[in-house]
Amino acid sequence: MTTPIETAGIRAATGTQFTLARGDATAIITSLAAGLRHYDKGGVALVESYPLDSIAPGAAGITLAPFANRVDGGLWELDGVPQQLDITEVPRNNAIHGLLRNVGYTALEYSPTHVLLEATIHPQHGYPFLARHQVRYELGASGELRVAQTLINDSQRRAPFVLGAHPYFTLGTVAPQELRITVNAGSALSTNSRMIPTGTAAVDGRYDLRGGKAVPESLMDTCFTDLLTDDGVARHTLEAPDGRSVSLFHDGTVSYVHVYITDVFPGRALAVAMEPMTGPANAFNSGDGLKWLAPGESFTMNWGIDAHLDV
């Protein structure tokens, strides 16, 4: 088991750092929010990283449970009883990014190539359930990073949930504004001014990313669904002009991918998040993508990151 890293007198703000290595691939996982702080292959960075003395900017790399995006006003109903979550997106008066963003996970397993982390969601106002969120990261034989997120209901009543993650993708030293983004999705969700979904429609125009578009032309904060798969696997990609690429891949346990292309990520002109999720924002109210676990049941969402760097 590792201890919290201290480098040049700096204690890691994100807790214990678990370094995984296999072949030419390296990943660093944090105990805080079971986050992905670094991932590279052959020395090419594939996700946005951040310093040891910082928490994840823009939720970079964190995992999300028991809801993945926003809950409108933090308010929803359970069997007719209003449930009020803490407001964590104050400007828009929403609850956002789940209940474990500021929680340290415990390592249940740790080897040179994998780590299994777990945190407990205790019953609280807005979510009166006892549950465990387990996150397993593993570097595969080809250096791909595979992630399995499991929610276990330890309550005596069925519990609703949405799982998700918030990785930002990059491709070494290639400027983000030179990349092209491809999202294999047939539909996109519209939203109101507070980023709460209002409907779903077939992609068109700037939201049709199936053929790829330049990242600077695609500044957005948009959720996609009707994800297109090949032999059960969907893939969404950032590609450089020289043909190298990095991809988010996932199986059918992921029904939504939220794309956030922003110009306010620290130190970057543009940053690109492609977020795998089992449900969209406000699923606790709309029911879209919302899943329920009976007492003792569990559910696992599978996703990962790989790259094509040999051109």
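In this text the structure is predicted, and so the values were computed from the model without any measurement. In what follows, residues are counted from 1 in the order of the sequence shown.
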(request) For residues N153 and R158, report the shortest heavy-atom separation together with the two atoms involved. (result) ND2-CA, 3.9 Å
(request) Answer with yes or no whether the hydrophobic clustering places I29 together with Y50; edges join I, L, V, M, F, W, Y residues whose side-chain heavy atoms lie under 4.5 Å apart. (result) no
(message) If I take atom CG from residue L209 and atom CD from residue E217, how far apart are they, to the nearest 0.5 angstrom?
(response) 10.5 Å
(message) Check D310 with R244, please: is the shortest side-chain N to carboxylate O separation under 4.0 Å?
(response) no
(request) Taking only Lys NZ, Arg NE, NH1 and NH2, and the carboxylate oxygens of Asp or Glu, determine whether E48 and R268 approach each other closer than 4.0 Å. (result) yes
(message) Between R132 and E118, does any side-chain N to carboxylate O distance fall below 4.0 Å?
(response) yes
(request) Could you go through the side chain to side chain contact (heavy atoms under 4.5 Å, CB included) check for L117 and F18 one step at a time? (result) CA-CA 10 Å; L117 303 173; F18 298 94; 3.8 Å; yes
(message) With a sphere of 6.0 Å drawn around CG of D230, does it hold more than 12 non-hydrogen atoms of other residues, nucleotides or ligands?
(response) no
(request) Starting from the C-alpha separation in whole Å, work towards a yes-or-no answer on side chain to side chain contact (heavy atoms under 4.5 Å, CB included) for V135 and L116. (result) CA-CA 6 Å; V135 185; L116 174 63; over 6 Å; no
(message) Is a donor from one side chain sitting under 3.5 angstrom from an acceptor on the other, for D86 and T88?
(response) no
(message) Under 3.5 Å, is there a donor on one side chain and an acceptor on the other for D251 and N302?
(response) yes
(request) In sequence, state the C-alpha distance, the side-chain angles, and the governing distance for R11 and D53, and then conclude on salt bridge (charged side-chain N to carboxylate O under 4.0 Å, His left out). (result) CA-CA 7 Å; R11 187 178 177 89; D53 60 349; over 6 Å; no
(message) Check whether Q149 reaches the backbone of G164 with its side chain - one donor and one acceptor, N or O, closer than 3.5 Å.
(response) yes
(message) I'd like to know if the side chain of N282 and the backbone of I196 have a donor-acceptor N/O pair within less than 3.5 Å.
(response) no
(request) Determine yes or no for a side-chain-to-main-chain donor-acceptor pair under 3.5 angstrom, with W76 supplying the side chain and G126 the backbone. (result) yes
(message) Using side-chain hydrogen bond (donor to acceptor under 3.5 Å, both in side chains), reason through H125 and Q84 one step at a time and then give a plain yes or no.
(response) CA-CA 6 Å; H125 54 274; Q84 180 65 62; over 6 Å; no
(message) Check D79 with R157, please: is the shortest side-chain N to carboxylate O separation under 4.0 Å?
(response) yes
(message) Between Y105 and H133, is the side-chain hydrogen bond (donor to acceptor under 3.5 Å, both in side chains) condition met? List the steps.
(response) CA-CA 9 Å; Y105 283 62; H133 185 221; 2.8 Å; yes
(request) Over 60° means perpendicular and under 30° means parallel, so classify the ring planes of Y207 and F224, tilted if in between. (result) tilted
(request) I would like to know whether T30 and T14 meet side-chain hydrogen bond (donor to acceptor under 3.5 Å, both in side chains); could you show each step before the answer? (result) CA-CA 6 Å; T30 68; T14 49; 4.6 Å; no
(message) If hydrophobic clusters are built by linking Ile, Leu, Val, Met, Phe, Trp and Tyr wherever their side-chain heavy atoms come under 4.5 Å apart, do L78 and L130 end up in the same one?
(response) no
(request) Mark yes or no for whether Y110, through its side chain, and T19, through its backbone, hold a donor-acceptor pair below 3.5 Å. (result) yes
(message) Check whether E138 reaches the backbone of R136 with its side chain - one donor and one acceptor, N or O, closer than 3.5 Å.
(response) no
(message) For the backbone of A175 and the side chain of Q177, can you confirm whether one donor and one acceptor N or O come within less than 3.5 Å of each other?
(response) no
(message) Other residues, nucleotides and ligands only: do more than 12 of their heavy atoms fall within 6.0 Å of CD1 on I181?
(response) yes
(request) Sequence neighbours left out, what pairs pass ring pair (Phe, Tyr, Trp, His ring centres under 6.0 Å) with at least one residue falling in residues 141-187? (result) H97-H166, F161-F299, H166-Y168, Y168-F265
(request) Could you tell me whether a side-chain N or O of R22 sits under 3.5 Å from a main-chain N or O of S142, the two making a donor and an acceptor? (result) no
(request) Kindly say whether S49 contributes a backbone atom to a donor-acceptor pair with the side chain of Y39 at under 3.5 angstrom? (result) no
(message) Between T150 (side chain only) and T300 (backbone N and O only), is there a donor and an acceptor less than 3.5 Å apart?
(response) no
(message) Could you report the tightest heavy-atom contact between I62 and A56, atom names first, then the distance?
(response) CG2-CB, 3.9 Å
(request) Using atom types as modelled and distance alone, determine if a side-chain donor or acceptor of N94 lies under 3.5 Å from a backbone N or O of I96. (result) no
(message) Show me the pairs that pass side chain to side chain donor-acceptor pair (under 3.5 Å) and involve residues 178-187, at least two apart or across chains.
(response) S187-D226
